[in-house]
Each structure stands twice: as structure tokens, then as C-alpha cells.
Amino acid sequence: MELFSNPFAQLQEMVKQEQKNAKKEASLRENAAREVAREEKKRNPNRDEFRDIFVDPSEEELRAEDAAAREHTEALRRKEERLQNEFLEFVKFANVRKI
């Protein structure tokens with residue numbers, strides 16, 4: 001007797017099934033979006049800044065700092081030597097006598 005049953009009933013069943021499937025797909029998409037949102041945590045910029053401050057320097061940075069320190073020390077030594085030579089020349093031409 002199903003052959004003579006109402007064709008609208010079959011159509012209504014099909015529509016109900018499609019609606020259920022659409023709801024399931026929407027909920028699956030929402031769940032996937034929630035999981036992605038959970039995975040994408042916001043980074044704390046203050047924490048990153050803290051890490052940047054206390055990062056151990058690399059070997060290249062240490063070498064560069066050592067080279068700069070050596071250059072500075074050498075410049076100070078040359079300046080001191082130049083001033084000492086100028087003072088000795090001044091004393092030589094000023095005829096300063098020891099008491």
C-alpha cells in the first residue's frame with residue numbers, strides 16, 4: 001500500500017533528513033572552529049619581551065662585544081700615551097726643575 005501513499009509525506013521526510021544533515025554539518029563546523037580558536041592562543045607580548053631580555057648571547061655577539069671592548073681599551077691606551085708624551089714635552093720645554 002505504500003505505492004499509493006501520500007507523495008508529500010515522502011517529500012516531507014526528505015526535507016527533514018536534509019535539515020538534520022545541515023544541522024549536523026553546521027555543528028561540526030562550529031566545533032572545528034572552536035578547536036582552532038582553542039589552539040590559537042594569544043601570545044603574551046610581555047612574556048616574549050621578558051624572554052628577549054634574558055636570552056643568552058650567541059658566540060658572534062660575544063665576539064663582537066670583545067672586539068669592541070678591545071678597540072675601546074686600545075683607544076684609551078693610545079690617548080693616555082699621547083697625553084703623557086705631550087706632558088713630557090711640556091716639561092722639557094718649560095725648564096721645570098725639581099725642588
Query - Partners meeting side chain to side chain donor-acceptor pair (under 3.5 Å) with Gln84 (sequence neighbours left out) - result: none
Query - side chain to side chain donor-acceptor pair (under 3.5 Å) partners for Asn85, two or more places apart - result: none
Report task. Output all residues satisfying side-chain contact (heavy atoms from CB on, under 4.5 Å) with Arg78, sequence neighbours left out; order by chain, then residue number. Result -> Glu74, Ala75
Query raised in the report: In chain order, what residues pass the side-chain contact (heavy atoms from CB on, under 4.5 Å) check against Lys79, with sequence neighbours excluded?
Result: Arg82, Leu83
All N/O donor-acceptor pairs, side-chain side in residues 61-73, below 3.5 Å, sequence neighbours left out:
{"residue": "Glu61", "atom": "OE1", "partner": "Ser58", "partner atom": "N", "Å": "3.2"}
{"residue": "Arg63", "atom": "NH2", "partner": "Glu59", "partner atom": "OE1", "Å": "3.2"}
{"residue": "Thr73", "atom": "OG1", "partner": "Ala69", "partner atom": "O", "Å": "2.8"}

Atom pairs and distances, donor-acceptor, side-chain atoms in residues 19-27, under 3.5 Å, two or more places apart:
{"residue": "Asn21", "atom": "ND2", "partner": "Gln17", "partner atom": "O", "Å": "3.4"}
{"residue": "Ser27", "atom": "OG", "partner": "Lys23", "partner atom": "O", "Å": "3.4"}
{"residue": "Ser27", "atom": "OG", "partner": "Lys24", "partner atom": "O", "Å": "2.8"}

